[in-house]
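Below: one structure, written as structure tokens.
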2 protein chains.
Amino acid sequence: MKSNEASMKDVAILAGVSTATVSHVINNTCNVNDKTKMKVTKAIKELNYKVNPTARRLRTGNSKIIGFVVSNLAHYFYQEIGAKIEEILNKNGYELFYINSHEDPEKEKQQLELCKLEDFAGVIVVPVNNDWSNLKDIYDSKPIVFIDRKPKNVRRDVVLITNTQSSFNLTNYLISKGAKKVAFISPQLDNTMQLRLDGFKDAMIQNNLSIDEDCIIFTKHKPKTYTDLAQDEEWNRILDYVINEKKIDCIISGNALFAFGAISYFKKNNIKLQKDLLFGTFDNAFWMMNLDQEIVVIEQNTKAIGEKAASILLKRLNGEAFIYDDYCIDTKLLTLNDKADK
Amino acid sequence: MKSNEASMKDVAILAGVSTATVSHVINNTCNVNDKTKMKVTKAIKELNYKVNPTARRLRTGNSKIIGFVVSNLAHYFYQEIGAKIEEILNKNGYELFYINSHEDPEKEKQQLELCKLEDFAGVIVVPVNNDWSNLKDIYDSKPIVFIDRKPKNVRRDVVLITNTQSSFNLTNYLISKGAKKVAFISPQLDNTMQLRLDGFKDAMIQNNLSIDEDCIIFTKHKPKTYTDLAQDEEWNRILDYVINEKKIDCIISGNALFAFGAISYFKKNNIKLQKDLLFGTFDNAFWMMNLDQEIVVIEQNTKAIGEKAASILLKRLNGEAFIYDDYCIDTKLLTLNDKADK
DNA sequence: TTGTATGCGTTATCAT
DNA sequence: ATGATAACGCATACAA
């Protein structure tokens with residue numbers, strides 16, 4: 001389909017030069033006489049010429065597009081990270097496309113394949129696939145930075161939070177508040193959750209508290225909306241079980257998604273947190289601040305995470321060589337909505 | 001940059017045919033002998049050949065990518081719509097890229113320009129720019145569907161909710177609950193807000209209630225995080241003003257963003273909704289269900305909105321010709337967290 | 001049914 | 001300093 005846009009050829013003809021010269025002017029790739037440069041610039045303006053990125057990409061194999069492939073875009077958490085990433089990348093001439101893998105490994109694989117075929121300059125990924133031994137080739141040529149989860153069998157830059165330490169701190173804090181029998185509950189056991197679990201166990205052991213493995217629960221929930229989640233019967237069963245049968249006095253939630261479901265349960269059952277039941281969770285989600293529940297949270301520094309991921313990616317894009325490493329961002333332990341607030 | 005991927009030429013050589021034949025096999029564009037078809041298919045598999053979308057796009061001017069350009073991706077509302085759109089488009093062989101315009105008209109313009117340059121097959125837009133007289137050419141050749149807001153000076157398909165009617169119903173309902181002096185507050189006065197305002201005014205007039213124009217307030221807030229919003233001093237001033245000075249007995253919120261800020265204010269000031277103050281809002285956001293406030297909401301049917309937008313776009317992509325129209329999706333008036341719940 | 005040849009809009013090599 | 005030309009990988013008009 002012939003587009004009605006001006007091409008480089010049109011510019012060249014109007015300016016009375018060759019396409020090579022136009023290209024040189026556009027890309028500053030060669031010393032061009034000021035006079036001819038003027039002519040070309042004028043022609044470009046006159047025709048409202050825009051470089052065709054598709055043609056450029058076919059020729060060079062490079063684009064100015066970064067893919068942000070996210071396990072579940074609906075989490076506000078990733079939106080804050082994404083905004084920071086976008087801000088930094090935009091400043092450096094890149095555009096960010098958000099891609100939602102919906103916690104589906106197969107879908108993520110196809111999307112990453114597409115990013116490669118589309119010659120994206122690089123990708124930032126909140127990975128769903130845990131084992132990357134079959135995915136290594138998918139992004140071997142272009143920079144890739146992982147966020148939030150560290151997949152296996154791939155050596156690349158990873159930006160995480162201090163998972164084990166934060167979990168240790170959270171558990172310790174709740175123990176200091178009187179927790180004796182603690183449950184750890186979360187959807188999906190991935191690498192990140194494993195680290196959080198480690199911190200939890202360490203704290204329990206150091207405090208000479210026994211760990212009941214029955215109260216460490218990971219569900220296999222496929223992605224759901226928050227609304228669906230709150231009404232999910234499985235959450236109710238699990239919470240009924242640990243609270244009524246196992247008689248735990250404290251729950252640690254692995255992320256904001258479970259926290260939402262749990263809080264819905266607490267509301268229904270009229271449970272006052274930190275009084276009737278100690279409760280701590282990873283993530284400080286915006287909606288928590290308007291609740292009438294006191295919640296202990298591990299706040300992740302989304303700005304710092306985004307900034308780190310973007311700056312590492314930029315360095316890689318610029319061809320800087322440095323060792324692939326894990327970057328851990330500190331968290332903050334906060335108590336939301338406690339009486340001291342007022 | 002020479003990629004190490006197999007090209008169509010490699011396939012042709014291995015299969016002992018011409019590239020034209022390979023192309024025909026891939027695109028079913030010509031009757032090809034079963035035997036040669038087999039040979040080609042085998043070679044494709046053997047080389048793990050993938051069509052290069054960039055080259056195809058340069059040649060044909062078409063891609064299988066749809067852009068979803070959203071005013072602010074952080075709103076969960078758009079995530080639900082997006083998920084539905086994606087589901088439908090994926091089934092039809094299209095991939096969806098999410099693009100965040102951050103309520104920035106200039107940015108949106110550039111992004112739409114990029115979608116055009118990248119030869120996206122089409123776009124679905126929650127528009128930030130209100131006047132499209134200078135943007136018409138930007139997407140004149142490819143299908144475009146607007147969602148949630150109807151921009152001026154462009155005749156294209158628009159998927160909206162029944163804004164005026166819903167607002168009328170909401171206002172009427174609150175009046176039936178005793179509202180006499182009502183404030184209407186929202187960030188950003190766009191076309192959609194104007195319609196909601198119209199419905200509000202109609203209801204007030206029909207009920208012989210006077211409208212205080214000082215209590216109709218639109219702020220010019222640039223996008224902020226929810227967290228920032230809750231602490232924004234401007235909201236506090238506005239709410240102080242209408243509640244304490246203007247002595248209103250009811251507030252209608254134009255969207256979930258303002259509702260969040262307002263609820264934060266109510267919490268701080270210990271105001272019990274529907275008792276101390278009547279309150280209704282557009283949008284049923286997931287976080288509202290866990291509050292200890294009774295809230296009257298206009299729930300938008302995100303699935304229906306997404307489905308309508310995607311199906312219209314698909315029809316346009318398939319070249320079906322029909323009149324550009326506005327499609328209005330019904331809403332539901334709900335009361336969240338009322339005592340009858342238990 | 002299959003192959004040849006051309007062009008999509010760039011960039012890059014090599015002359016001039 | 002500038003221009004002619006090939007090549008990126010594919011689709012397609014046309015010839016065989």
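A quick note: this is a predicted structure, and the numbers were derived from the prediction, not measured. In the text below, chain A, chain B and the rest are named by the order of the sequence lines, each starting its count at 1.
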Quiz item: Judged by modelled atom types alone, do A:Lys50 and A:Asn48 share a side-chain donor-acceptor pair under 3.5 Å?
Solution: yes
Practice problem: Examine the side chains of B:Lys109 and B:Asn134 and answer whether a donor and an acceptor come within less than 3.5 Å of each other. | Solution: no
Rounded to whole Å, please give me the gap between [atom1] in [X] and [atom2] in [N].
X: B:Leu117; N: C:dC8; atom1: CG; atom2: C1'; value: 15 Å
X: B:Ile26; N: D:dC10; atom1: CD1; atom2: C1'; value: 9 Å
X: B:Glu118; N: C:dG9; atom1: CD; atom2: C1'; value: 14 Å
X: A:Asp10; N: C:dC8; atom1: CG; atom2: C1'; value: 13 Å
X: B:Asn27; N: D:dT12; atom1: CG; atom2: P; value: 7 Å
X: B:Met38; N: C:dT1; atom1: CE; atom2: P; value: 17 Å
X: B:Arg56; N: C:dT10; atom1: CZ; atom2: P; value: 21 Å
X: B:Arg57; N: D:dT12; atom1: CZ; atom2: C1'; value: 19 Å

Counting side-chain heavy atoms from CB outward, which of [options] is closest to [X]?
X: A:Ala20; options: D:dT2, C:dA12, C:dT10; answer: C:dA12
X: B:Thr21; options: D:dA1, C:dT2, D:dG3; answer: C:dT2
X: B:Leu58; options: C:dG3, D:dG9, D:dG3; answer: D:dG9

Quiz prompt | Residue closer to the 5' end of DNA chain C, A:Asn52 versus B:Lys35 (nearest nucleotide) | solution = B:Lys35
Quiz item: Are any of the side-chain nitrogens in A:Arg149 or A:Asp190 under 4.0 Å away from the carboxylate oxygens of its partner?
Solution: yes
Self-check item: Electrostatic pair B:Asp131:B:Lys136 at N-O distance under 4.0 angstrom
Solution: no
Base, sugar-phosphate alone, or nothing: which one does [X] contact when heavy atoms must sit under 4.0 Å apart?
X: A:Met8; result: base
X: B:Val22; result: nothing
X: A:Lys50; result: sugar-phosphate
X: A:Thr36; result: sugar-phosphate

Practice problem: May I have the step-by-step check of side-chain contact (heavy atoms from CB on, under 4.5 Å) for A:Lys142 and A:Phe120, ending in yes or no? | Solution: CA-CA 8 Å; A:Lys142 311 276 175 164; A:Phe120 281 12; over 6 Å; no
Is there a side-chain contact between [X] and the phosphate of [N], meaning an N or O under 4.0 Å from OP1 or OP2?
X: A:Ser18; N: D:dT2; result: no
X: A:Asn33; N: D:dA1; result: no
X: A:Ser7; N: C:dG9; result: no

